[in-house]
Amino acid sequence: RSIDQFVFKKFESEYDNYLQYGGFPAVVTADETSLKTEILTNVFKSFFEKDIKILSDYKDVKDLRDLLLLLVPRVGSMLDINKLSSEMGINRVKLYSLLEFLQGAFMIRLLPKFSRSVDKSVAGGKKVYFSDTGLLNIIGKVNGSQLLENSLINQLAEYGHLSFYNYRNTAEIDVVLNKEIAFEIKTKGIDSDYTKLEGLSEGLKLKKYFVVSKTLVEKNGFISALQI
């Protein structure tokens with residue numbers, strides 16, 4: 001697929017709006033930004049005032065709030081379970097339980113490491129994202145790169161299984177779809193991004209690879225965030 005300058009400019013502001021306020025239907029259709037924020041705030045409050053009482057032990061509320069606040073700056077990063085449990089003052093077992101609850105409640109999304117081995121994929125560290133960028137922005141603040149990556153992870157999740165590749169923190173692919181297609185996510189993609197991704201992808205025998213750029217780049221191997 002290709003996208004021209006006219007189409008890109010036409011929908012660029014709408015995509016920026018999506019990055020800021022997420023995809024809840026009531027939020028998307030609200031006309032005023034103040035109303036969008038109010039709806040998101042109410043959704044977040046409802047999660048703690050109603051959903052947790054039904055789905056979890058009420059005494060976990062403070063731990064869940066603290067954990068969400070600690071996860072915001074970690075969006076797009078591998079979780080260090082030891083450091084997180086130390087910061088929260090809880091053990092690893094409890095932390096894993098809270099993470100599983102937040103994922104089961106569709107508040108966060110955890111991506112496993114890419115591996116051809118099921119055992120290694122399950123055992124490896126995971127990256128964290130929020131299931132809606134609007135809620136993410138209500139809870140805390142992240143930079144533009146993190147917000148874009150989180151948004152694209154949510155978009156790509158509709159197409160299948162997602163994982164990420166990391167080799168000793170020296171080589172990384174942001175996301176791999178169905179163990180076949182690699183994506184590197186950039187606010188503005190450049191040639192060296194594609195060259196690096198090409199080498200890693202071919203080494204992993206991935207069939208396709210693309211640099212996803214928020215800024216339109218009209219070159220082979222680059223796609224716009226609006227196209228996902």
Side-chain angles (χ1 to χ4, degrees), residues 11-28 33 36-37 39-41 43-44 47 64-81 84 98-114 124-166 169 172-178 181-189 193 197 209-216 222-228:
F11 294 106
E12 183 180 20
S13 62
E14 292 187 18
Y15 192 76
D16 285 337
N17 193 62
Y18 172 71
L19 287 174
Q20 182 65 35
Y21 298 105
F24 281 102
V27 176
V28 173
T33 57
K36 293 177 185 291
T37 301
I39 294 170
L40 286 167
T41 301
V43 170
F44 185 59
F47 175 71
L64 287 166
R65 282 184 180 273
D66 291 344
L67 179 55
L68 283 171
L69 291 173
L70 289 171
L71 291 178
V72 169
R74 290 172 164 84
V75 163
S77 300
M78 274 200 303
L79 292 180
D80 184 332
I81 296 299
L84 260 179
L98 295 175
L99 287 169
E100 288 177 6
F101 174 80
L102 289 174
Q103 181 167 238
F106 304 103
M107 182 62 75
I108 64 170
R109 191 187 304 277
L110 298 172
L111 261 62
K113 277 188 177 181
F114 169 84
K126 295 185 177 182
K127 290 206 300 185
V128 64
Y129 300 92
F130 281 71
S131 297
D132 184 81
T133 53
L135 284 180
L136 169 59
N137 286 321
I138 286 292
I139 299 168
K141 294 300 178 185
V142 294
N143 63 44
S145 296
Q146 289 175 297
L147 193 60
L148 176 65
E149 185 172 335
N150 199 130
S151 174
L152 285 165
I153 292 299
N154 290 340
Q155 291 174 256
L156 288 167
E158 298 180 13
Y159 296 96
H161 177 267
L162 303 182
S163 58
F164 72 97
Y165 176 74
N166 182 287
N169 294 322
E172 184 172 7
I173 297 174
D174 287 332
V175 58
V176 180
L177 175 62
N178 295 327
I181 309 173
F183 296 92
E184 187 67 15
I185 302 167
K186 299 291 182 181
T187 53
K188 185 175 183 178
D193 295 325
L197 180 63
Y209 37 88
F210 301 94
V211 174
V212 185
S213 176
K214 185 173 184 293
T215 303
L216 183 61
F222 289 78
I223 56 176
S224 166
L226 276 66
Q227 291 174 267
I228 299 296

Side chains of [X] and [Y]: closer than 4.5 Å at any heavy-atom pair?
X	Y	answer
Met78	Glu172	no
Val175	Leu156	yes
His161	Asn178	yes
Leu177	Leu162	yes
Leu71	Leu99	yes
Leu84	Leu67	yes

Provide the closest heavy-atom pair for [X] versus [Y] in the form atom of the first, atom of the second, distance.
X	Y	value
Phe222	Gly189	CE2-C, 3.7 Å
Val27	Tyr21	CG1-O, 3.5 Å
Leu226	Glu12	CD2-N, 4.0 Å
Leu197	Ala182	CD1-CB, 4.0 Å
Gln155	Ala225	NE2-O, 3.8 Å
Leu40	Phe24	CD2-CD1, 4.0 Å

[X] side chain to [Y] backbone, donor-acceptor under 3.5 Å:
X	Y	value
Glu149	Gln146	no
Lys186	Ser213	no
Asp132	Gly22	no
Asp80	Gly125	no
Thr133	Tyr18	yes
Asp174	Phe183	no
Gln103	Leu110	yes
Thr215	Lys188	no

Next on the checklist: Below 30° counts as parallel, above 60° as perpendicular, anything between as tilted: where do the rings of Tyr165 and Phe114 land?
Outcome noted: perpendicular
Next on the checklist: Please determine whether side chain to side chain contact (heavy atoms under 4.5 Å, CB included) holds for the pair Phe130 and Val72, giving the CA-CA distance in whole Å, both sets of side-chain angles, and the decisive distance to 0.1 Å.
Outcome noted: CA-CA 8 Å; Phe130 281 71; Val72 169; 3.9 Å; yes
Nearest-0.5 Å distance, [atom1] of residue [X] to [atom2] of residue [Y]:
X	Y	atom1	atom2	value
Lys141	Leu147	NZ	CG	9.0 Å
Lys127	Ile153	NZ	CD1	6.5 Å
Leu135	Leu68	CG	CG	9.5 Å
Asn137	Gln20	CG	CD	4.5 Å
Leu79	Ile108	CG	CD1	7.5 Å

Checklist entry - Would you call Lys214 and Asp16 a salt bridge, taking side-chain N to carboxylate O under 4.0 Å as the test? => result yes
Item to check | Qualifying residue for side chain to side chain contact (heavy atoms under 4.5 Å, CB included) with Ser151, from Ile228, Ile185, Leu19 | outcome: Leu19
